[in-house]
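Just so it is clear, the values below take in all heavy atoms, side chains as well, and ignore hydrogens, waters and symmetry mates. Letters A, B, ... mirror the listed sequences (proteins, then strands); counts begin at 1.
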2 protein chains.
Amino acid sequence: MPAPSIRARVRAEMLDEIKAVALRHLATDGANLSLRAVARDMGMVSSAIYRYFPSRDDLLTALIIEAYDALGEAVEAAADDPDLHDLRARWMAACRAARGWALAHPAEYALLYGSPVPGYAAPDDTVGPAQRPPLTLVGLLRDGLAAGLLSPPPAGELTASLHDDLTDLADVFFPGLPPALLARGMAGWTQLFGLISFELFGRLNRTIEHRDEYFDHQVGLLADLIGLPPPR
Amino acid sequence: MPAPSIRARVRAEMLDEIKAVALRHLATDGANLSLRAVARDMGMVSSAIYRYFPSRDDLLTALIIEAYDALGEAVEAAADDPDLHDLRARWMAACRAARGWALAHPAEYALLYGSPVPGYAAPDDTVGPAQRPPLTLVGLLRDGLAAGLLSPPPAGELTASLHDDLTDLADVFFPGLPPALLARGMAGWTQLFGLISFELFGRLNRTIEHRDEYFDHQVGLLADLIGLPPPR
DNA sequence: TACGAATCGAGAGCAGTGCTCTCGGCTGCC
DNA sequence: GGCAGCCGAGAGCACTGCTCTCGATTCGTA
């Protein structure tokens, strides 16, 4: 492999620096990222940014993919912590990791899970990284089932067409996973998203002060619903 | 009471028309509402809008309050349907009403529950209307408890400080409601928000086709967790 | 090594935005 | 009837994303 030319290396550094500056702006000024402000911060003129990102949306997409991967990595690392042998502890750790990342990167979380920007349609590059957290959670359920720690929910509780939808979905990622268990995993993911969003978007203000305990309790409730083995 | 002057009546009509046009723009163009576009649609010049709303944020706030009230009214009406005597049926109806309203008014739902606009801080006028849906849900639990249809969850499952937070919160709206039951009600509200947001923001695309059944199933799961009497 | 091609930053410019201010015409109240 | 308050139009400011052109620099290659 030939050494990358100076120009190519400078270009890669510029891409990284633009993303870093844009992230800083996102954190301070909120979601409406200004390309011109980013350019000013870099001592450049706004049109120069377009040498690196064809449009503002493309820059946002790059940031979104990086954020999805950072969140996904945090969740996966927590779920795969070798110190945790307890299934419920792994589930809990994954959820806490997601919340911790979100609290540490609120602007990026809002970028990922807030209302979609009007004209913006998520490109296909984002769907893979976006699936990492929910796949991690459902993967824990598959592990638990394989280890005999989980009993599959009664099959009769799903309608036929919903059973088919969930079976098709399971076949893509977790062949053989009982569809009712997949539904419970998605319920857990939905709850996790709701808990984090409510906390981050201020819906817990002036109501819940002890956020950590509230979060743990609510996640624990859903762990019970899913059928994870009780703690201890 | 004196008849309102012509000018006052015209002004009220203008306020309504501006809001109506803004809502149309919100539905078609997405969240970044353009005051100038609204003015153009009304055959006015942009500065004239400022005679009625001091800023774009104030117009948005007016729309938000109206949307919160419309959603709250839909949920309350569904929960109080006199034809429903079954507690679980009322819970189900309330949740379905929220989803139905959101699907019918996606832009307004995004305005209410999407990522908060950067500079925008929700004024106090919005907190009352915003609380109507969750209060309706928790109110159902209070009714069920009073009617002996619900058994309060074991008290020992909450930490002391979380117990205090929830007791304080309950005292404001539902004095005497067991805090653990309040937590379950909030879990239901969180789940409802998550389900609707995921569906509306496209996270169910290419995975779940039978959305109605999926929604009913997931809401039913949480109803079980809360301890609502089984169906039939 | 020299030359043509590709890349890059600067600058001007376009269409759009929220918002302010001033200037007239109109309305409503004393 | 007159005066104060309301209202729409218009100009203007600072800002945005984005396009285009123009030199300067760098690259790959002959």
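For A:Phe53 and C:dG9, the CZ to P distance is 13 Å, given to the nearest whole Å. If you measure from atom CG of B:Leu33 to atom C1' of C:dC19, you get 15 Å, rounded to the nearest angstrom. Remark: C1' of D:dG17 and CG of A:Leu60 are 12 Å apart, rounded to the nearest angstrom. As rounded to whole Å, 12 Å separates atom P of D:dG17 from atom CG of B:Asn32. Atom CG of A:Asp58 is separated from atom C1' of D:dC18 by 13 Å (rounded to the nearest Å). Rounded to an integer number of Å, the gap from B:Tyr50 OH to C:dT17 P is 11 Å.
A salt bridge links B:Arg24 with B:Asp41: the closest approach of a Lys/Arg side-chain nitrogen to an acidic carboxylate oxygen falls below 4.0 angstrom. The pair B:Asp69-B:Arg132 meets the salt-bridge criterion, with a side-chain N (NZ, NE, NH1 or NH2) lying under 4.0 Å from an Asp/Glu carboxylate O. Looking at A:Asp212 and A:Arg96, no side-chain N of the basic residue comes within less than 4.0 Å of a carboxylate O on the acidic one, giving no salt bridge.
The side-chain contact (heavy atoms from CB on, under 4.5 Å) check on B:Glu213 picks up A:Thr159, A:Ser161, A:Leu162, B:His210, with sequence neighbours excluded. Legend: residues meeting side-chain contact (heavy atoms from CB on, under 4.5 Å) with B:Val38, ordered by chain and number and at least two apart, are B:Ile18, B:Val21, B:Ala22, B:His25, B:Leu33, B:Met42, B:Ile49. With sequence neighbours left out, B:Glu73 forms a salt bridge (charged side-chain N to carboxylate O under 4.0 Å, His left out) with no residue at all. By the side-chain contact (heavy atoms from CB on, under 4.5 Å) test, A:Asp164 pairs with no residue at all, sequence neighbours left out.
For the residue pair B:Ser197/B:Tyr109, the side-chain donor-acceptor check at 3.5 Å is satisfied.
Below the 3.5 angstrom threshold, one finds a donor paired with an acceptor across the side chain of B:Arg36 and the base of C:dG18.
Ring geometry for A:Phe193 versus A:Tyr113: interplanar angle of 30 to 60°, hence tilted.
In terms of phosphate contacts, A:Ser34 brings a side-chain nitrogen or oxygen within less than 4.0 Å of OP1 or OP2 of D:dG17. The side chain of B:Arg56 contributes an N or O atom lying less than 4.0 Å from OP1 or OP2 of C:dG18. For the pair B:Tyr52 and D:dG8, the criterion of a side-chain N or O lying under 4.0 Å from OP1 or OP2 is met.
In this structure, A:Arg51 and A:Leu35 both approach DNA chain D, and ranking their closest nucleotides by distance from the 5' end singles out A:Leu35.
For residues 38-47 of chain A, proximity to DNA chain D is found at A:Arg40, A:Ser46, A:Ser47, defined as any non-hydrogen atom under 4.0 angstrom from a strand atom. For the segment residues 10-20 of chain A, the set of residues with a heavy atom within less than 4.0 Å of an atom of DNA chain C comprises A:Arg11, A:Met14, in numerical order.
In the set C:dT7, C:dG9, C:dC19, C:dT7 carries the atom at the smallest distance from any side-chain atom of A:Arg7.
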